[in-house]
Amino acid sequence: TPQQKAKQKVYFIGLGMDRFANAAYNLNYSVKDIRDLAAKMKLRYGDMLETDTLFNENLTPENIRSLKNKLLASGVNDRVIVAYSGHGLLSSNYDYYLSTYRVNFDKPEENGLPYEALEDLLDSIPARQKLMLIDACHSGEVDKEEQLQITRVADSLGLSRGARITTGADTTKPHLGLNNSFELMQHTFVNVGKGTGATVISASAGTQFALERGDLKNGVFTFCILEAMNDNSAMTVSQLKNRVGRRVTDPTGGLQKPSSRGETLYHDWRVW
């Protein structure tokens, strides 16, 4: 027990992608998602907060790696929160990538950001309270019947489509149905082999478009986090995980099912 309590810091790293070299995949609110989260974090943490953001053309693997040095200077009692908003993509080998400005949406291994690169930010840093928030779907193909179901539900809920939706999947190629894609996302974010000591909460939408609601002016997943911050003066990791899990499913008609990896919930630290 030190004579003088060390000053705790909160590191917020925000990554937002809503503009792409292939403009057909542009989104509406991903950068705003991160700006809104950063502003809300500032209100909660004040001078404790240190913020770094990367948007669109500046979100590159090199710039993300440079942030690792800053986190290596954190203290064991500090908190680190990493938030990503944009597209999530699956390669033909079902490896998960996050979008960058010049990502090849047909082959995300070309210029995409491997999910492991994002996790590496939180690996082997002194801070023990670590949280990652990922507001991204994946763009795997789904059956034509499911495409029609998605379109009907999305239109009825006023969900905008951040990426093109095909009229029907090529049945000669392997593809994922909604249930299988949800299971794959659960596997990606829950059963990660390389543990970093972080809790990961992900939107995990198994569709070919990001779920954004025009009336919310945010991605649905991020909106639910902001809503939780507005409604609760304090929340632990488990409380945030449970609330977001409940709230996201309803406004998206079940098209988006958050998943989380709770490997450190025995140490259920207070997020704010």
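Nothing fancy with the numbering, it's 1 onward along the sequence.
The distance between the ring centers of F20 and Y25 does not fall below 6.0 angstrom.
Considering every non-hydrogen atom in both A38 and T51, the closest pair reads CB-CG2, 4.3 Å. The shortest non-hydrogen separation linking L122 to K130 is O-NZ, 2.9 Å. When all heavy atoms are compared, the tightest approach of A136 to Y96 is CB-OH, 3.8 Å. Contact record, D33 with S85: OD2-OG, 2.8 Å, taken as the closest heavy-atom pair. Heavy-atom minimum distance, N218 versus K32: OD1-NZ, 3.7 Å. Annotation for Y97 and P108: closest pair CD2-O, 3.7 Å, computed over non-hydrogen atoms.
By the 4.5 Å heavy-atom criterion applied to side chains, I225 and L133 are counted as neighbours. Counting heavy atoms from C-beta outward, H87 and F105 have side chains that approach closer than 4.5 Å. Within the 4.5 Å cutoff, no side-chain heavy atoms of Y84 are placed close to those of I34. In this structure the side chain of N232 reaches within 4.5 angstrom of the side chain of R243, judged on heavy atoms. Looking at M17 and F55, their side chains never come closer than 4.5 Å, going by heavy atoms from C-beta outward. A 4.5 Å side-chain heavy-atom check between Q129 and T199 finds every atom pair outside the cut-off. When side chains are defined from C-beta on, T60 does not count as touching Y101, because their heavy atoms never get closer than 4.5 Å. Contact annotation: the side chain of M41 approaches that of M229 to within less than 4.5 Å [non-hydrogen atoms, C-beta and beyond].
The CG atom of L15 sits 5.5 Å away from the CG atom of L54 when rounded to the nearest 0.5 Å. For the atom pair T222 OG1 and D135 CG, the distance stands at 3.5 Å (nearest 0.5 Å). Put simply, CD on E227 and NZ on K40 are 11.0 Å apart, with the number rounded to the nearest 0.5 Å. Taken from CZ in R270 to OG in S238, the straight-line distance is 13.0 Å, to the nearest 0.5 Å. In this structure, CE on M235 lies 12.5 Å from CH2 on W269, to the nearest 0.5 angstrom. In this structure, CD1 on I125 lies 9.0 Å from OH on Y11, to the nearest 0.5 angstrom.
No side-chain N or O of N58 forms a donor-acceptor pair with one of N63 less than 3.5 Å apart. Judged by distance alone, the side chains of K217 and N28 never bring a donor and an acceptor atom under 3.5 Å apart. For the 3.5 Å distance criterion, the side chains of D18 and N26 fail to qualify, holding no donor opposite an acceptor. For the 3.5 Å distance criterion, the side chains of D268 and T236 qualify, holding a donor opposite an acceptor.
Note on F223: it does not cluster hydrophobically with L43, by side-chain heavy-atom contacts below 4.5 Å among ILVMFWY residues.
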Candidate pair L121 and I64, rule side-chain contact (heavy atoms from CB on, under 4.5 Å), full reasoning: CA-CA 8 Å; L121 272 177; I64 289 176; 3.9 Å; yes
- Task: Could you walk me through whether V244 and F221 pass side-chain contact (heavy atoms from CB on, under 4.5 Å), step by step?
- Result: CA-CA 7 Å; V244 171; F221 178 80; 3.6 Å; yes
**Request:** Applying side-chain contact (heavy atoms from CB on, under 4.5 Å), run through I81 and L37 and close with a yes or a no.
**Result:** CA-CA 11 Å; I81 301 172; L37 282 173; over 6 Å; no
Next item on the list: Could you please spell out the steps behind the side-chain contact (heavy atoms from CB on, under 4.5 Å) verdict for I201 and I134?
Entry: CA-CA 6 Å; I201 307 176; I134 301 179; over 6 Å; no
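A distance-only check finds no donor-acceptor pair linking the side chain of D52 to the backbone of I13 [under 3.5 Å]. With hydrogens and angles disregarded, no donor-acceptor distance shorter than 3.5 Å links the side chain of S30 to the backbone of L27. With hydrogens and angles disregarded, no donor-acceptor distance shorter than 3.5 Å links the side chain of D78 to the backbone of V10. Side-chain atoms of K68 come within 3.5 Å of backbone atoms of D123 as a donor-acceptor pair (strictly under, hydrogens ignored).
With respect to E57 and R19, a salt bridge is recorded, a charged nitrogen being found less than 4.0 Å from a carboxylate O. Taking a cutoff of 4.0 Å between a charged side-chain nitrogen and a carboxylate oxygen, K70 and E50 qualify as a salt bridge.
Crowding of N230 atom CG: a count of heavy atoms from other residues, nucleotides or ligands under 6.0 Å exceeding 12. Surrounding CD of Q3 are at most 12 heavy atoms belonging to other residues, nucleotides or ligands under 6.0 Å away.
Exactly one residue among L113, N104, V103 makes a side-chain contact (heavy atoms from CB on, under 4.5 Å) with L89. That residue is V103.
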